Structure formats: structure tokens, C-alpha cells
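As C-alpha cells, the structure follows; a few thoughts come after it.
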Amino acid sequence: MRVLGVIPARGGSKGIPRKNIRLLGGKPLVAWTIETAKASRRLTRVVLSTEDEEIAEVGRAWGVEVPFLRPRELAGDDTPTLPVLVHAVEQCEREDSQYDAVCLLQPTAPLRRAQWIDDCVLKLAQSGADSVVTVLRIPAEHHPWWSLEITEVGWLKFTKEEGKRLRRQDLPPAFHREGSVYVVRRNILLAGSLYGDRIAAYEVLAEESVNLDTEEDWRRAEGMIAALRRG
């Protein structure tokens, strides 16, 4: 299976300004994802997609291909991920043969492991799924079956009726997207979906995962990196 790895890293992040090249654990944030992608055995090619020349230079310095600069209209605050990936596929296939799948690797998940990437690609190949995404298990106290809404007359109501009859240990497993790895078949992506109808899950542990949206997330990542280096 030919898989194109795409690392999207625009320059205009607002929550953590210039986060993609900010130092985390002594190296630029985007470098963590570049190194992990290069360590994967199942990615055929890895490219960095950015509109920012400084980020492009950092990417090249860390050994990733930057074969094009992304158009600025695909680098706005409200730009969806889908057209960014489609653009990368189209650009790469102009000079290369067709890919079977695309692997999205967002720099905001710096602590993913190469094994996660390889396992997700293998699962896509073997399962017949349209896509494979990394997920985290939802703790029981946040389980959707135990969620409550307020009715028009002001009373609490269980969102799912069965929830009020179930004990914690009887709740079915529930998950949310973790954000480290998304692998989707090329034909599904070009048809206009990042997921398709048949989505397979790859579960990772909460203590091994971090997604950088805030300064608090950044501090947590620094602590996790320090702990890993201590062994």
C-alpha cells in the first residue's frame, strides 16, 4: 500500500502563536512529528504542507520534503483539513505515481509513536475500512449515556434513556478522536470525506497522548517529555 504522509503546519496559529516552530523540549514542535513520520516503516513518502517560508525552512532542516508552498487561501483560521490534504495529494501525484491512502499527522500531537502510524496503516490495509483514526476511551463520568440536558420546562433529562439504569461498569465503551493519526483511503478523500462510512479505531492510552491547543497543554507536554527522558 502506497501511503502519503502529510504534515500540515500553517504559520497563523492563534491559540499558541507560531507554535509549529516554537521550541518544545528543545526542538521545534513540527520536528517531533517529522522525526516520528520518518521513523515509520509504512509511509511511502512524507511531505510538509505550509504557506509559511520560515516553517518550510525549519521542515527542510529537519529532513522533510517541502515540495510546494500551500496557497494562502488554504491556510486561514477556518480552513478545513480536507482541502489541505486534497491539495497535497494533487501536488505530489503530479510528480509521482498514485497513492492508495493518505496519513494526516498534525504537529499538535508531538508524542505519537511511529508504531501507531504503522499499526493504523496496517489496520486500514487489512480491515477494509475507509479510514483508521486514533481514539481515546471516554471516562465513565463523561460517558454520553450519562449526559444530561435541560428540557423546555427546566427539568434534567438523560440524553439516552438507558443511561439512568446503568451502573458505571455496565456502560458500553465510548471513545473520542485523539488526533495523532488519521489514515484515509485516497478515493474516499478525493470523494470529499476524511472518514468515509467505515471508520476503524486505534485506541491509545490517555497518559501517552497530548494535543496542544493551550499553554496548559504545552506545559503538560514539557512535563511528559522530561519524564520520558528521565526514563
Side-chain angles (χ1 to χ4, degrees), residues 5-39 46-64 66 69-70 72-85 103-117 120 133-144 147 174-182 194 202-231:
V6 180
I7 304 172
R10 68 186 185 92
S13 55
K14 287 187 175 179
I16 304 175
R18 303 296 289 168
K19 66 183 174 185
N20 285 311
I21 54 175
R22 177 175 167 179
L23 295 184
L24 175 71
K27 56 189 175 186
L29 174 63
V30 71
W32 291 88
T33 294
I34 292 169
E35 288 186 328
T36 303
K38 290 174 64 179
V46 181
V47 299
L48 177 68
S49 170
T50 185
E51 87 296 355
D52 187 290
E53 185 57 50
E54 186 180 8
I55 293 176
E57 284 302 315
V58 170
R60 294 185 189 106
W62 284 87
V64 73
V66 190
L69 285 181
R70 192 197 312 175
R72 291 196 175 274
E73 58 266 27
L74 291 180
D77 292 334
D78 57 353
T79 301
T81 301
L82 182 64
V84 173
L85 295 181
C103 179
L104 167 63
L105 300 169
Q106 300 183 100
T108 47
L111 300 187
R112 74 172 65 75
R113 301 178 182 179
Q115 187 65 51
W116 298 359
I117 299 172
C120 286
V133 302
T134 48
V135 297
L136 289 172
R137 192 173 295 250
I138 297 175
E141 60 268 25
H142 301 303
H143 196 285
S147 65
F175 304 88
H176 67 87
R177 292 176 299 171
E178 185 267 343
S180 287
V181 184
Y182 297 77
L194 188 57
Y202 182 81
E203 185 178 358
V204 301
L205 299 178
E207 57 266 29
E208 297 177 341
S209 169
V210 64
N211 207 304
L212 301 178
D213 291 320
T214 66
E215 289 291 343
E216 183 179 348
D217 297 331
W218 198 279
R219 288 190 291 271
R220 178 170 175 258
E222 290 279 11
M224 292 171 72
I225 290 168
L228 287 171
R229 288 173 174 170
R230 289 194 299 268

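This structure is a prediction, so every number in the text was calculated from the model and none was measured.
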Testing the basics here: between Cys103 and Ile117, what is the closest heavy-atom pair and its distance to 0.1 Å?
SG-CG2, 4.2 Å
Count the heavy atoms of every other residue, nucleotide or ligand shown that sit under 6.0 Å from CD of Glu73, and state whether that count exceeds 12.
yes
Using a 4.5 Å cut-off on heavy atoms from C-beta on, say whether the side chain of Val30 contacts that of Val64.
no
Are any side-chain N or O atoms of Glu51 and backbone N or O atoms of Leu69, one a donor and one an acceptor, separated by less than 3.5 Å?
no
Which heavy atom of Ala221 sits nearest to which heavy atom of Leu24, and what is that distance?
CB-CD1, 4.0 Å
Here the gap from Glu57 atom CD to Thr50 atom OG1, rounded to the nearest 0.5 Å, amounts to 11.0 Å
dist His143:NE2 -> Ile138:CD1 (nearest 0.5 Å) comes out at 7.0 Å
Okay, side chain of Ser209, backbone of Leu205: is any donor-acceptor separation there less than 3.5 Å?
no
Side-chain touch Thr108/Asn211, heavy atoms, less than 4.5 angstrom:
yes
Separation of Glu222 CD from Leu23 CG (nearest 0.5 Å):
9.0 Å
Between CG of Leu194 and CG of Leu104, what distance do you get to the nearest 0.5 Å?
6.5 Å
Scanning both residues in full, the closest heavy-atom pair of Arg137 with Phe175 reads CA-CD2, 3.7 Å
Is any NZ, NE, NH1 or NH2 atom of the basic residue among Glu215 and Arg22 found under 4.0 Å from an Asp or Glu carboxylate oxygen of the other?
yes
Do Ser180 and Glu178 pair up side chain to side chain, a donor and an acceptor below 3.5 Å, judged on atom types alone?
yes
List the steps, then state whether side-chain contact (heavy atoms from CB on, under 4.5 Å) holds for Trp218 with Leu29.
CA-CA 10 Å; Trp218 198 279; Leu29 174 63; 4.0 Å; yes
Measure across Pro8 and Val84 and return the closest heavy-atom pair with its distance rounded to 0.1 Å.
CB-CG1, 4.2 Å
side-chain contact (heavy atoms from CB on, under 4.5 Å) between Val204 and Val135, intermediate numbers included
CA-CA 6 Å; Val204 301; Val135 297; over 6 Å; no
Please check this pair: side chain of Trp62 against backbone of Pro28, looking for a donor-acceptor N/O pair closer than 3.5 Å.
no
Shortest non-hydrogen contact from Ile7 to Pro107?
CG2-CG, 3.8 Å
Walk me through whether Thr33 and Arg112 qualify under side-chain contact (heavy atoms from CB on, under 4.5 Å).
CA-CA 8 Å; Thr33 294; Arg112 74 172 65 75; 2.7 Å; yes
Output yes when Lys38 and Glu35 qualify as a salt bridge under the 4.0 Å nitrogen-oxygen rule, no when they do not.
no
Kindly check if the number of other-residue, nucleotide or ligand heavy atoms within 6.0 Å of CZ (Arg220) is above 12?
yes
When rounded to the nearest 0.5 Å, the distance separating CG of Leu48 from CD1 of Ile55 is 7.5 Å
Separation between OH of Tyr182 and OG1 of Thr134, rounded to the nearest 0.5 Å:
6.5 Å
Check each of Arg18, Arg10, Lys19 against Asp52 using the salt bridge (charged side-chain N to carboxylate O under 4.0 Å, His left out) test, and report the only one that passes.
Arg18
Take Leu111 and Ile225 through the side-chain contact (heavy atoms from CB on, under 4.5 Å) test and state the conclusion after the steps.
CA-CA 8 Å; Leu111 300 187; Ile225 290 168; 3.8 Å; yes
